[in-house]
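Structure, as structure tokens:
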Amino acid sequence: MGTQKEIARRAGVSVSVVSAVVNGTTHTRMSDETRARVEAVIEELGYVPNDAARALRRQRSGTIAVVVEKIENPIYRDMFHGIYDAAEARGWAVVLGDARWMRSGSHFLARLLGHGSIDGIILRSEGLIDDEVLAHLRARPTPVILVEGRHGPDGRWLAIDDAAAGRVATQHLLDLGHQDIEFVGGERWVPTLERHRGYADAMLDAGLEARDAIRTGYGSRAGAAALQEVIDSGRRPTALVVDNVLSGIGIHAAAHEAGISIPGDLSVIAIHDADIAGDVRPALTTVRMPMAELGARAVEAIAAILNDSPTRFGLVDEPAPVLITRASTAPLQVSPRPWSPS
């Protein structure tokens, strides 16, 4: 009678493709030719699926997992709210995990992959999940939705419009009369690249030079390092677009230590919003992203996959990024004072 593994070997496809054909699911991409080849091998071997095992696999636990990097990051708050609201509407429970602990052989991974314990996984991580873990995840029937990335398993990814955020931030500074604007923070991760692209597009549309990003990572220390790199370069921009809100906070602290006035000498705007942005002085101007909608869409995608219903992946571009104007940005002075860091 054969097995799914034998069918996969003879048809020259993966076991997951055979499983999709056997179970009649539609979310695994394959050509009509591939499907026909698999069906022919199934008929040749006289394969009959185990209905009891299939029924067991389709039982629902009513629980989804959300795995992010550095769970304490304040930018997740709205995304978590969107996830919890959408999950609560379906009567689902939510398990939170930190990607730093999601390694091959970890107890957390074992629980995630345990038989029937999780109905779906929402994953936000770039470079922290090793290839072995990803292979484990992809080999299971549990749907995995990647958020804020663009290479999810089987094309299952959702991302906010980071390029639009970079453009909104830069355009705000341009409208204030700034022309010497730099982009700082982040790394070579897709969201940072997209935010810098939005910055560059806005600068070029204004007929101005778009400089390469100063990539110093994420967090407050990364912001301080970015400002120091600008200082060491000898350039004296009048405004900065900062890749992330925590780096914006770090720039505030470093500027104070260096004797640079914000916004008198330097206007600063950061992408993403958090309560802390309104607590620092001067309060930090930000671009608020649709994180709650991102979280809700991820839950909706899991529900659609489990029900074999169509769903949309790709950019979550509604609502659009929103400018939150606070005190860290100001119009360019007619005769700006060249800032001389101490």
Side-chain angles (χ1 to χ4, degrees), residues 1-61 63-65 67 97 99 101-147 149-158 190 298 301-314:
M1 185 177 69
T3 64
Q4 289 194 15
K5 186 174 181 179
E6 174 66 11
I7 295 168
R9 187 185 67 78
R10 293 199 183 193
V13 298
S14 67
V15 174
S16 62
V17 169
V18 175
S19 177
V21 174
V22 169
N23 291 299
T25 57
T26 58
H27 54 263
T28 298
R29 295 181 179 179
M30 71 183 78
S31 67
D32 292 341
E33 179 184 353
T34 297
R35 186 179 294 276
R37 188 166 69 251
V38 173
E39 289 173 344
V41 175
I42 289 172
E43 184 175 354
E44 176 187 344
L45 294 178
Y47 175 79
V48 178
N50 186 328
D51 290 336
R54 181 188 296 179
L56 182 60
R57 284 196 301 272
R58 289 183 174 178
Q59 287 180 354
R60 307 283 170 79
S61 68
T63 302
I64 62 172
V67 182
W101 307 109
M102 195 170 175
R103 294 291 186 269
S104 299
S106 72
H107 293 299
F108 181 56
L109 177 62
R111 293 289 295 171
L112 279 185
L113 298 178
H115 183 68
S117 61
I118 295 293
D119 289 336
I121 301 172
I122 299 171
L123 175 63
R124 185 191 188 273
S125 177
E126 182 77 11
L128 288 182
I129 305 298
D130 61 39
D131 291 340
E132 186 177 351
V133 171
L134 285 175
H136 280 307
L137 293 176
R138 288 170 174 153
R140 308 291 291 199
T142 306
V144 178
I145 310 298
L146 186 75
V147 292
R150 289 165 171 77
H151 63 276
D154 299 320
R156 297 172 182 172
W157 61 266
L158 294 165
V190 171
I302 289 175
I305 292 169
L306 292 176
N307 293 322
D308 287 334
S309 301
T311 188
R312 293 181 298 119
F313 293 104

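Throughout, numbering of the chain's residues begins at 1 and tracks the sequence. It should be emphasised that the depicted structure is a prediction, and the values quoted were computed from it without experimental measurement.
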Next item on the list: Determine yes or no for a side-chain-to-main-chain donor-acceptor pair under 3.5 angstrom, with R37 supplying the side chain and A11 the backbone.
Entry: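 Yes, R37 side chain to A11 backbone: donor-acceptor pair under 3.5 Å.
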Notebook entry, point to check: Where the side chain of D119 meets the backbone of S61, is there a donor-acceptor pair that is under 3.5 Å apart?
Noted result: yes
Notebook entry, point to check: Are any of the side-chain heavy atoms of V13 and M30 separated by less than 4.5 Å?
Noted result: no
Item checked: Heavy-atom check, side chain of R35 versus side chain of V17, under 4.5 Å -> no
Atom of [X], atom of [Y] and distance for their closest heavy-atom approach:
X    : Y    : answer
I302 : P143 : CG2-CG, 4.3 Å
P310 : A304 : O-CB, 4.0 Å
I118 : A65  : CG2-N, 3.9 Å

Let me confirm one number: the [atom1]-[atom2] distance from [X] to [Y], rounded to the nearest 0.5 Å.
X    : Y    : atom1 : atom2 : answer
S14  : Q4   : OG    : CD    : 10.5 Å
L158 : F313 : CG    : CZ    : 6.5 Å
R156 : I121 : CZ    : CD1   : 11.0 Å

Check: Hey, is CG on D32 packed in by over 12 heavy atoms from elsewhere, all under 6.0 Å?
Finding: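 Atom CG in D32 is not packed in, count stays at 12 or less.
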Notebook entry, point to check: Does the pair V67 and I122 meet the rule for a side-chain contact (heavy atoms from CB on, under 4.5 Å), with working shown?
Noted result: CA-CA 6 Å; V67 182; I122 299 171; over 6 Å; no
Next item on the list: Given side-chain contact (heavy atoms from CB on, under 4.5 Å), test L123 with I145 step by step and report yes or no.
Entry: CA-CA 6 Å; L123 175 63; I145 310 298; over 6 Å; no
Checklist line | R10 and E6: CA distance, side-chain angles, deciding distance, salt bridge (charged side-chain N to carboxylate O under 4.0 Å, His left out) verdict | finding: CA-CA 6 Å; R10 293 199 183 193; E6 174 66 11; 2.7 Å; yes
Check: Are V21 and E39 close enough, and set up right, to give a side-chain contact (heavy atoms from CB on, under 4.5 Å), and what steps lead you there?
Finding: CA-CA 7 Å; V21 174; E39 289 173 344; 3.8 Å; yes
